[in-house]
Amino acid sequence: MAKLLRMTLHEFQEDIRQGIPSTLPTRKEYEQQINHAPKRKEILSREEKKLALRNALRYFPVSFHAELAPEFLEELETYGRIYMYRFRPDYKMYARPIEEYPGNCLQAKAIMLMIQNNLDYAVAQHPHELITYGGNGAVFQNWIQYRLTMQYLSEMTDEQTLAMYSGHPMGLFPSHKDAPRVVVTNGMMIPNYSQPDDWEKFNALGVTQYGQMTAGSYMYIGPQGIVHGTTITVLNAGRKISRNGEGLEGKIFLTAGLGGMSGAQPKAASIAGCISITAEVNAKAVQTRHSQGWVDEVISDLDELCTRVREAKMKQEVVSIAFLGNVVEVWEKFDREDIYVDLGSDQTSLHNPWAGGYYPVDISLEASNRMMAEDPELFRKKIRETLVRHANAVNAHTAKGTYFFDYGNAFLLEASRAGADVMAENGIDFKYPSYVQDIMGPMCFDYGFGPFRWVCASGKPEDLAKTDTIAREVLEKMIVNSPAEICQQMEDNIRWIKGAQENKLVVGSQARILYADAEGRMRIAVAFNQAIAAGEIGPVVLGRDHHDVSGTDSPYRETSNIYDGSRFTADMAIQNVIGDGFRGATWISIHNGGGVGWGEVINGGFGMLLDGSAEADGRLKMMLHWDVNNGISRRSWARNEGAVFAIKRAMEKEPLLKVTLPELVNDTVMQDLFGED
Ligand SMILES: NC(=O)c1ccc[n+]([C@@H]2O[C@H](COP(=O)([O-])OP(=O)(O)OC[C@H]3O[C@@H](n4cnc5c(N)ncnc54)[C@H](O)[C@@H]3O)[C@@H](O)[C@H]2O)c1
């Protein structure tokens, strides 16, 4: 790997301040050892390629154009995008302690820290293509956008707001101290232009990007973020199949994907106490997770896998096994060998089926990648055939009793589009639930529990340990008076935070995730702000995954347990981000396309810097209250029982909150009109 230049702090700061270099840096070699994004589909016509080049060159003085134009064309033709590799900085990319960032405003420095964390080689999936996770979750479209954004952040004051258009920094605009410092929009399209190929085309033109959820919003904290949610999901799935209150000991969980988020599955399964088998076609991804200790063993032979799984079951071991190969082979083999799978799911990137998110069976990874670029039609055909085989094999297992759930990766959606047998008898619903319908929605989101997170901006592990203790103490106080409806959640979360240090979850910034409800989030944040004021810890950045109570409208995932017809609307996510914006968020973001695919979801989030001030205390209370209760009120209006309970409780606690409640229609009224069904 090419050596990173050793830079002093001063040189690093100067590099940030200069933005676009005044002289052209030398070209960079393409480093083979790095996990690169696959070549994107050839989609632009000759005229559109010219437009893409003009778009790219408009960042630079005219004197650079003759040299850069052929280089950018080569990138476009070789990789399907113009990443401007030459401008990748030479310094090491990681979340530095906040005081090391140049600038005039602490909030902007916090955002720089979060951006660099999303691009850290230890964190990002394809760091040179500025992709954090999910195969296409971009922080920026190219390195010049990164450089310009960092420059703007280093210049801005508390009286300005930076407008980010899908990775492009439009500029600094006058605002005020309590306004967000940055407003991010990613992939916002005119609705009729939101088909997957629209992303390919407009992204190749350089005018939009796929921000996923926490990639384009600078809030990714490595796989830890997802370990907690996955642990909760596997634990509760285990509770669903438990016949006599027994746990997951000796039970088998079969799934796929060891990538950005999916890589959390084996770790979460081990925390939940079962035997997990996670298939993964990409040897690099297997190696990464194995070397990080996130998966215990690697097996690439199916017979060996069966022997090992039988042994683990007999001994009731808690063990996580990576199978290097296609998941379809495992489902089929276990069926033939009659290995009973207790829990099954899938976390391949089916939100992105045609561009490397899901690989066809019986074809090598390299051949698949070639086919994807050279013969996309054939590739699509192979994917559809694989999906049908995949679903058939899953069906064979569920007929024997396996509990299978869709993991929000659009598996059922794409399988149904491929013509696989996954529809319920009514022809409208899928035969299997999504994990949100059965687990996260009714058990967590409806009560306001979601993936609250924080980052210690000092970069000190001691600060993180202190915040863990503070958060645990807050939850332990709260559980004493918690109603029965939420005690299980509170217990799970206390258990998680107690084990957090021991589970060594930090990759990248000193970050922690902790599911909490509105009251929990506010009380923990207040306690952090007090500890900062007392000088016990440095500043803290609060945030959350977009995969939460209120931030995301996604009919097959976050809002799949909304049954009043409104799950195909996106008012909640838009309301949320606007509401967070004027209630004190440090930055806000709204995206098209995270998780389940372009055009399939609108999701938003926030970041908030706590600096120990009285202003921060006021902002956090006002914003976090809205950020959770907005979604609970919508879920309550959709007649979700848990949410009705939670919003009534919130109204008792906050006299200024007054929410419209639904009246339930008696069935006899419908029967009188429509007769018995
Ligand atoms: N973890 C969660 O809580 C969660 C929640 C919601 C949705 N998701 C969804 O899970 C999906 C995965 O996310 P990610 O960040 O890990 O993506 P990713 O692209 O980093 O990882 C997916 C992995 O699946 C592998 N893969 C693809 N096809 C395969 C096949 N047929 N057999 C075996 N392996 C195969 C790929 O090589 C890749 O490493 C996304 O669609 C995401 O939206 C995850």
Side-chain angles (χ1 to χ4, degrees), residues 35 37-38 123-126 131-137 210 212-215 220 222-234 254-269 277-289 294 322-331 345-353 355-363 365 368-369 372 382-383 385-387 389-390 393 405-411 413-415 434-436 439-440 444 451 513 545-548 552 554 556-558 560 593-598 600-601 603:
N35 190 353
V123 172
Q125 186 184 16
H126 306 305
I131 301 289
T132 301
Y133 71 94
N136 54 5
Y210 198 100
Q212 273 282 3
M213 294 192 147
T214 51
Y220 193 68
Q224 171 189 185
I226 224 73
V227 176
H228 187 24
T230 313
T231 306
I232 287 178
T233 306
V234 178
L254 171 57
T255 184
L258 285 174
M261 286 199 278
S262 48
Q265 294 177 105
K267 180 113 186 165
I277 301 101
T278 312
E280 168 59 64
V281 288
N282 186 332
K284 276 186 189 157
V286 171
Q287 163 60 18
T288 303
R289 292 299 175 220
W294 287 62
F323 174 72
L324 176 57
N326 201 293
V327 69
V328 178
E329 296 175 66
V330 185
W331 281 107
S345 195
D346 187 86
Q347 269 196 47
T348 55
S349 275
L350 271 161
H351 67 273
N352 177 30
Y358 182 79
Y359 282 89
V361 67
D362 297 336
I363 307 176
L365 183 70
S368 302
N369 281 336
M372 197 189 311
K382 295 287 176 199
I383 292 289
E385 286 168 6
T386 302
L387 279 167
R389 257 174 80 175
H390 195 156
F405 56 96
D406 183 288
Y407 215 133
N409 60 339
F411 171 73
L413 183 65
E414 289 304 334
S434 90
Y435 72 119
V436 174
I439 299 168
M440 296 304 291
C444 296
I513 178 162
D545 193 346
H546 296 192
H547 176 49
D548 195 7
T552 296
S554 181
Y556 300 105
R557 208 168 86 175
E558 283 80 353
S560 57
V596 284
W598 185 248
E600 306 283 0
V601 47
N603 66 85

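All ligand and atom numbering here is 1-based and tracks the order in the structure. Quantities reported herein were computed from a predicted structural model and do not represent experimental measurements.
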| query | Got an N/O contact under 3.5 Å between Ser349 and ligand 1? | reply | yes
| Using a distance-only test with no angle check, is there a side-chain donor-acceptor pair under 3.5 angstrom linking Gln265 and Thr278? | no
| Candidate with minimal heavy-atom separation from atom 28 (N) of ligand 1, of Phe323, Tyr359, Tyr435 | Tyr359
| message | Counting non-hydrogen protein atoms only, what is the nearest one to atom 15 (O) of ligand 1? Give residue, atom name and distance. | response | Met261 N, 2.9 Å
| query | Can Ala264 be said to touch ligand 1, with heavy atoms closer than 4.0 Å? | reply | no
| field | Residue and atom name of the nearest protein heavy atom (relative to atom 9 (C) of ligand 1), distance in Å to one decimal | value | Asn409 CB, 3.7 Å
| field | Residue portion contacting ligand 1 (non-hydrogen atoms closer than 4.0 Å) for His390 | value | neither
| field | Heavy atom of the protein closest to atom 7 (C) of ligand 1 (residue, atom name, distance) | value | Arg557 NH1, 2.6 Å
| message | Within ligand 1, which atoms have a heavy atom of Gln125 less than 4.0 Å away? | response | 18 (P), 19 (O), 20 (O)
| When you measure from the side chain of Tyr133 to the backbone N and O of Thr214, does any donor-acceptor pair fall under 3.5 Å? | yes
| task | Dump the intermediate steps for side-chain hydrogen bond (donor to acceptor under 3.5 Å, both in side chains) on Gln212 and His351, then the final yes or no. | result | CA-CA 10 Å; Gln212 273 282 3; His351 67 273; 3.0 Å; yes
| Does Lys284 offer a backbone N or O that forms a donor-acceptor pair with the side chain of Thr288 under 3.5 Å? | yes
| remark: One should read off an interatomic distance between Gln347 CD and Glu280 CD, to the nearest 0.5 angstrom, of 11.5 Å
| Please state which protein non-hydrogen atom is closest to atom 20 (O) of ligand 1 and give its distance, to 0.1 Å? | Gly260 N, 2.8 Å
| said: Donor-acceptor check, side chain of Ser434 to backbone of Asp406, threshold 3.5 angstrom: yes or no? | reply: no
| Which word best sums up how the rings of His390 and Tyr358 line up, parallel for under 30°, tilted for 30 to 60°, or perpendicular for over 60°? | parallel
| said: Could you identify the single nearest non-hydrogen protein atom to atom 3 (O) of ligand 1 and state the distance to 0.1 Å? | reply: Ile226 CG1, 3.2 Å
| request: Give yes or no for whether the N/O distance cutoff of 3.5 Å, strictly under, is met between Gly257 and ligand 1. | output: no
| task | Please work out whether any backbone atom (N, CA, C, O) or any side-chain heavy atom from C-beta onward of Gln265 is under 4.0 Å from ligand 1, and answer side chain, backbone, both or neither. | result | neither
| Proximal ligand 1 atoms for Val327, defined as those under 4.0 Å from one of its heavy atoms | 32 (N), 33 (C)
| field | Interfacing atoms of ligand 1 (cut-off 4.0 Å, heavy-atom, Asn282) | value | 37 (O)
| said: Looking at every heavy atom in both Ala355 and Pro38, which two are closest together, and how far apart are they? | reply: O-CG, 3.7 Å
| request: Looking only at protein heavy atoms, identify the closest one to atom 11 (C) of ligand 1 and say how far it is in Å. | output: Thr348 O, 3.5 Å
| task | Fit a plane to each ring of Tyr435 and His547, take the angle between them on a 0 to 90° scale, and name the class: parallel (under 30°), tilted (30 to 60°) or perpendicular (over 60°). | result | tilted
| request: Return yes when Gly134 approaches ligand 1 closer than 4.0 angstrom through a heavy atom, no otherwise. | output: yes
| Best match, His351, Lys284, Gln347: closest heavy atom to atom 1 (N) of ligand 1 | Gln347
| Does Ser345 reach the main-chain N or O of Thr255 with its side chain, forming a donor-acceptor pair under 3.5 Å? | no
| note | So the atoms of ligand 1 within less than 4.0 Å of a heavy atom of Gly325 turn out to be 33 (C)
| field | Closest protein heavy atom (residue, atom, distance) for atom 34 (N) of ligand 1 | value | Val281 N, 3.3 Å
| Hey, looking at atom 39 (O) of ligand 1, which of Gln212, Glu280, His228 has the closest heavy atom? | Glu280
| Which protein non-hydrogen atom lies closest to atom 27 (C) of ligand 1, naming both residue and atom, and how far is it? | Gly357 O, 3.3 Å
| query | Is a side-chain donor or acceptor of Arg289 paired with a backbone partner of Gly259 at a separation under 3.5 angstrom? | reply | yes
| query | Numbering the atoms of ligand 1 from 1, which are under 4.0 Å from a heavy atom of Ala279? | reply | 33 (C), 34 (N)
| Between Asn409 (side chain) and Thr348 (backbone), is there a donor-acceptor pair under 3.5 Å? | yes
| Test item: Gln125 side-chain N/O and Ile131 main-chain N/O as donor-acceptor pair under 3.5 Å | no
